[in-house]
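Report on the structure given below.
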Amino acid sequence: MTESAIVGQWTAAPGAEEIVTGKARYCPDIQLPGLLCGKLLYSPHARARIRKLDVRKARNMPGVFAVITHADIPGENSYLYAEPDQPLLVVDEVRFQGDAVAAVAAVDERTADAALAAIEVEYQELPGIFDPLEAMQPGADQVVQGEDNVMMSQMYRAGDVEAAIASADVVIENTYRTQWAEQAFLEMEGGVGLVDDEGGITVYSSCQAPHRDRMQIARALAMPESMVRVITPYIGGAFGAKDEAHVQIHAGLLAHAAQRPVHLIRERRESMLTHVKRHPMIIDYTTAATKEGKLLAVKARVIADAGPYTNSTHEVLNKCGEFIGGPYKVENVEVEKIGVRTNNPITGAFRGFGAPQAAFVYESQMDDLARKLGMDPLAIRLLNGVETGTKMYTGVVIREGTAMKASLNKAAEMIEWEKRDQVERRPARHLRRGFGMATILKGSGLGRGLADHAGVVLEMHRDGSVVLQSGAADMGQGIVTVMAQLAAERLGIGMSSVRVVRADTAKSPDAGASCASRQAMVSGNAVLEAADTIRDTLLTMAAGKTKIARDRLDLKAGRLTVDGEPHELTVKDLALRAGIWGYPLHAESLVHFEYPTDVPDVTYRFSQEVFQFCTQIAQVLVDCETGQVTVERLIAVHDAGKMINPGGVYGQIEGGIAQGIGYALTEELIVKEGHTQNPSLENYVIPMAFDIPELEMEVLEIPEPLGAPLGAKGIAESPIIPTAPAIRNAIYDAIDKPLYELPMTAERVLPVPDAGSIRH
Amino acid sequence: MHQASMSIPEYTAPATLDDALGIKKERGAEARVIAGGTDLILRMRDKVFSPSVLIDLRRLSLDGIALSDNELRLGAFVSLSQVLESADIERLFPALPAGCREFAGPPIRNRGTLGGNIVNASPAADLVPPLIAYDASIVLSSSDGERVLQLMAFFVGPGQSVMEPDEILTEIRLPLMPASSAATFIKLGQRRSMAISQVNLTTRLSVDESSMVSEARIVLGSVAPVPMRAVAAEEFLLGKELSEKLLNRAAKKARDEVTPISDVRASLSYRLEMVEVLVRRALLATWDELRGSAPDG
């Protein structure tokens with residue numbers, strides 16, 4: 001193929017103008033005749049038995065069209081991501097502050113509020129279980145009666161860890177703690193349900209997995225999935241929290257009960273109290289190495305506070321364990337993964353999916369190890385780093401691993417790592433400057449053994465314009481742009497000629513969830529495959545018409561090209577000709593992510609095999625008296641394989657780092673006895689523009705050989721992962737104090753070891 | 001956890017102050033003055049306040065800034081952005097715009113007013129410490145007339161003040177400072193913008209001809225139920241010659257005077273420690289400025 005005309009170019013998202021001018025329709029913007037206001041009644045308690053639930057008064061209020069409780073759900077009363085253990089509406093016991101008890105639909109918001117207030121609920125508060133370590137003890141009170149609080153306990157072993165530790169010159173053992181973190185997307189969870197002409201249910205859903213939503217709505221309604229349709233309007237961010245269903249199921253239930261359209265949108269406070277958070281983890285971690293700094297063994301025990309329900313705890317812990325050794329050659333690894341039920345907030349997917357917690361730990365350990373051995377943090381990482389062909393402890397062989405060391409070297413070059421001691425370390429009596437690095441790997445795709453597929457439908461019309469239908473939800477990450485670019489590139493047409501129908505289960509084939517940095521790869525390949533079918537038809541027609549050999553022909557910039565030179569025939573001419581002659585310019589594809597079969601002994605379950613490598617280096621300034629940390633510089637070097645839309649790639653890196661700075665320094669859901677103390681963006685402190693330095697970014701393009709369209713691989717998750725450990729190591733460098741708990745708030749940074757010398 | 005929808009009360013924008021005061025007289029606490037609305041609307045949404053009528057004073061030109069020979073008068077509706085745009089304020093009362101600069105973000109500064117920041121009676125209000133440090137007085141008007149009181153005397157507790165239900169805050173008055181006086185504002189928050197203060201403060205020092213401290217103000221926010229002055233530390237400084245050691249000791253004294261609480265933004269012990277650190281820093285910066293502005297350099 002000739003040089004790219006569209007792929008690799010900075011490309012505005014289709015719909016960008018609508019978004020920035022406020023015309024794009026998100027769930028809250030949807031207007032329908034007779035639209036009712038839906039609301040949910042949430043539990044005020046972390047744990048309580050429901051002794052009485054009486055909705056009669058609310059039902060009889062004028063303007064109230066539906067009031068439903070668990071008893072009114074026609075089908076299954078549960079969410080279903082992995083396990084059906086979270087009720088849509090609680091039956092007899094609320095198990096966290098975000099459990100919903102009843103739902104109402106009324107003529108307007110005030111009436112809906114009044115209806116909620118008229119619902120009589122008598123709670124008998126029960127002593128909750130809030131400490132995962134206590135909850136793990138035998139005989140502990142059960143969060144879900146009859147179910148062990150330890151919902152998951154898995155041990156994975158590779159090599160002989162104990163022997164390796166026994167033979168090591170140096171062993172470093174620490175316990176780390178991480179916090180509940182909130183995704184803080186702009187648009188709150190929402191759904192708009194309506195009854196369609198055939199009595200089925202249509203739901204507009206702000207989500208990441210429209211086809212899984214459809215399944216969940218159908219099973220709650222006891223309706224065939226064929227009668228349920230899920231449409232994604234514009235979506236204002238998700239970061240994992242909308243991978244699991246939220247209120248869209250209730251919107252469908254209420255619309256069905258009221259037989260009217262219902263609009264159900266969470267408010268910020270409700271949103272922060274109800275959706276899945278990043279798992280807080282307690283990680284005991286042992287690193288063993290030779291005196292030359294070569295890693296011998298890693299031993300970890302990861303305990304995750306899951307909240308009362310399973311959600312994606314198994315999957316998140318699985319990924320945490322998969323990457324617990326970092327991007328390093330280490331053969332002896334033992335990781336125990338434990339998920340524990342409590343009456344704390346529910347937990348699940350959040351950008352990075354268990355990898356940020358792991359990276360905070362393994363990269364902190366690397367710096368502790370380097371210090372103990374008197375080694376340079378860069379040198380010890382280069383010494384141990386994986387390469388192309390490295391067999392990981394999981395059994396996975398890295399197909400393309402150049403970027404591990406390339407990103408380290410490039411980042412070090414950008415900040416002049418070798419000269420960092422020439423930078424003023426004490427710009428004032430109370431200020432200390434430091435430098436820290438972190439390098440990570442994160443897999444893309446769902447993992448070996450899981451159904452990782454995506455389909456698209458592509459059609460070229462007689463005027464050369466194209467409609468692309470895909471079930472991949474675009475929450476702002478830009479999959480719509482990437483798919484349109486790939487289609488336009490392959491068909492030799494402009495971006496404005498491609499219309500992407502946003503995911504709609506009535507129109508689009510299932511593309512699976514937009515998660516795991518997978519859509520650019522899987523849906524990207526599906527687009528290429530479908531586009532190639534149409535392209536073949538066009539070129540075959542062109543060859544017939546021009547009598548020029550097929551292999552000399554191509555499509556570019558709206559024209560046929562012959563040996564790369566524009567021909568008088570346009571793509572439009574060819575499309576019209578195909579239409580007249582009855583050649584279909586229609587293609588469907590279903591692409592399955594193919595895991596290599598040449599590696600027989602991949603022992604880690606659901607291993608990912610395409611890796612995002614990246615390195616970040618932070619320069620921080622610590623105020624030794626207030627504990628405040630300023631991130632002065634942040635260098636980020638990421639491998640994208642091949643950038644399809646550079647603007648999208650850089651946007652992901654910037655956004656990930658911003659979220660990473662928050663995760664590192666200020667973001668923490670403060671939960672006391674199951675009650676969240678700061679469910680607002682006033683006191684849940686995400687960074688603002690002034691808290692983020694001008695980022696210094698570099699993107700490597702080392703083509704990925706495995707299942708990647710044009711060599712491109714996912715970039716969505718990796719940017720958040722190294723930020724916290726890079727900042728942690730920079731703080732350590734600045735004030736000689738290692739921190740083992742996130743976030744590294746001013747109060748945790750204090751006291752600074754030599755603070756006595758600051759005073760006058 | 002549910003946030004109820006906000007009830008929308010009656011709204012009026014009277015043409016004269018007398019009309020406005022008449023409504024206050026008649027309806028008392030039921031009637032609330034709306035200025036920028038940046039706090040009021042949120043509190044109404046959270047049902048902290050449920051007024052039956054909102055009085056908008058936008059037609060009364062309460063947003064004037066007038067400098068006379070002995071004072072600066074600021075209408076209660078002067079916005080934070082207006083403070084930042086005023087060359088007179090920047091020259092004469094620089095700690096006030098310093099407080100505005102770190103206040104929320106531009107949209108809120110365009111809407112939010114000085115009067116609003118005062119009548120909220122928040123212990124964390126960022127503009128109150130500089131105003132008190134500059135010995136601000138305020139004018140409370142009612143249909144029975146007006147009274148002028150020191151801003152310091154206005155606050156009773158979190159969200160509580162001495163303002164009567166029929167009164168409206170109409171003006172803030174700042175006496176002109178002596179020539180050898182300087183002030184410093186410092187805010188500590190969890191991020192660099194859009195933060196609610198963990199501690200905020202303003203220090204002001206004046207010195208006499210023999211370089212002895214003739215006036216001292218150490219005004220602190222977020223460390224007590226009301227904005228407060230560290231009176232013992234202020235008195236300790238009076239009549240003394242400035243030195244680093246002296247200011248360190250004053251900062252320690254200030255720490256002993258505050259009564260902070262622990263909340264989601266900071267612990268009690270952190271606030272205590274920060275009071276000492278920040279008072280010291282503020283006093284040192286004030287002293288630096290005094291030296292910088294002294295005729296002999």
Side-chain angles (χ1 to χ4, degrees), chain A residues 37 39-44 97-98 108-114 116-117 266-270 272-274 430 623-628 630 661-662 665-670 672 675-692 743 745-747 750-751 758-760, chain B residues 1-8 38-39 42 45-47 101-102 104-106 108 122 124 186-199 243-249 251-252 262-285 287:
Chain A
C37 174
K39 295 238 170 187
L40 288 170
L41 185 66
Y42 292 102
S43 165
Q97 215 189 351
D108 57 22
E109 192 178 4
R110 289 178 94 170
T111 311
D113 281 329
L116 286 187
R266 278 184 184 147
E267 293 170 19
R268 180 65 70 182
R269 179 181 156 80
E270 293 174 336
M272 291 186 71
L273 290 175
T274 52
H430 62 287
D623 185 321
C624 300
E625 291 180 313
T626 64
Q628 286 185 314
T630 304
I661 289 175
L665 296 177
T666 54
E667 293 190 30
E668 178 174 30
L669 213 66
I670 300 168
K672 282 188 185 155
H675 288 256
T676 299
Q677 306 296 303
N678 54 342
S680 78
L681 295 182
E682 182 177 278
N683 290 317
Y684 181 87
V685 184
I686 61 174
M688 298 281 173
F690 289 147
D691 303 294
I692 301 159
T745 58
E747 296 199 42
L750 295 182
I758 299 159
R759 300 291 163 84
H760 319 290
Chain B
M1 80 167 64
H2 176 71
Q3 270 172 2
S5 52
M6 184 175 74
S7 63
I8 296 157
T38 57
D39 273 298
L42 299 184
R45 197 190 64 191
D46 294 346
K47 303 268 183 202
R101 229 167 265 131
E102 294 183 46
I108 299 291
S122 161
I186 294 181
K187 166 176 179 160
L188 189 72
Q190 291 163 289
R191 61 186 164 208
R192 280 169 183 72
S193 64
M194 303 295 291
I196 298 176
S197 293
Q198 294 167 300
V199 177
S243 70
E244 213 171 294
K245 200 171 159 192
L246 180 81
L247 298 180
N248 283 343
R249 289 180 64 193
K252 281 199 202 316
S262 288
D263 62 20
V264 291
R265 290 184 281 278
S267 68
L268 185 158
S269 60
Y270 182 69
R271 283 196 166 100
L272 274 181
E273 198 170 327
M274 289 309 103
V275 166
E276 184 180 337
V277 168
L278 299 177
V279 167
R280 176 167 46 76
R281 284 186 187 179
L283 286 172
L284 285 169
W287 184 31

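Throughout, protein chains are lettered first and strands after them, A, B, ... in sequence-line order, and every chain is numbered starting at 1. Computed from a prediction, not measured in an experiment: that's the story for all the values here. Hydrogens, waters and symmetry mates play no part in the numbers below; they use all other heavy atoms, side chains included.
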Per-residue contact mode, A/I686 against chain B (heavy atom under 4.5 angstrom): both
Tell me, out of B/R281, B/R265, B/M194, who's got the most heavy-atom pairs with chain A below 4.5 Å. B/R281
Engaged part of A/T666 at the chain B interface, taking heavy atoms whose separation is under 4.5 Å: side chain
Should B/R192 and A/D691 count as an ion pair when the cut-off is N to O under 4.0 Å? yes
Return the minimal non-hydrogen interatomic distance between A/T626 and A/A746, and the atom names on each side. O-CB, 3.3 Å
Salt-bridge contact B/R280-B/E244 (side-chain N to carboxylate O under 4.0 Å): no
Among A/N678, A/N683, A/I670, A/D108, which has the most heavy-atom pairs under 4.5 Å with chain B? A/N683
When the 4.5 angstrom heavy-atom criterion is applied to A/E682 and chain B, the contacting part is both
Give the minimum heavy-atom separation between A/A112 and A/C37, together with the two atoms involved. CB-O, 3.9 Å
Checking heavy atoms, do the side chain of A/T745, its backbone, both or neither come under 4.5 Å from chain B? neither
Residues B/E276 and B/K252 bridged, charged N to O under 4.0 Å: yes
Engaged part of B/A195 at the chain A interface, taking heavy atoms whose separation is under 4.5 Å: neither
I'd like to know if A/E747 pairs up with B/R271 as an ion pair, taking the criterion as any Lys NZ or Arg NE/NH1/NH2 lying under 4.0 Å from an Asp or Glu carboxylate oxygen. no
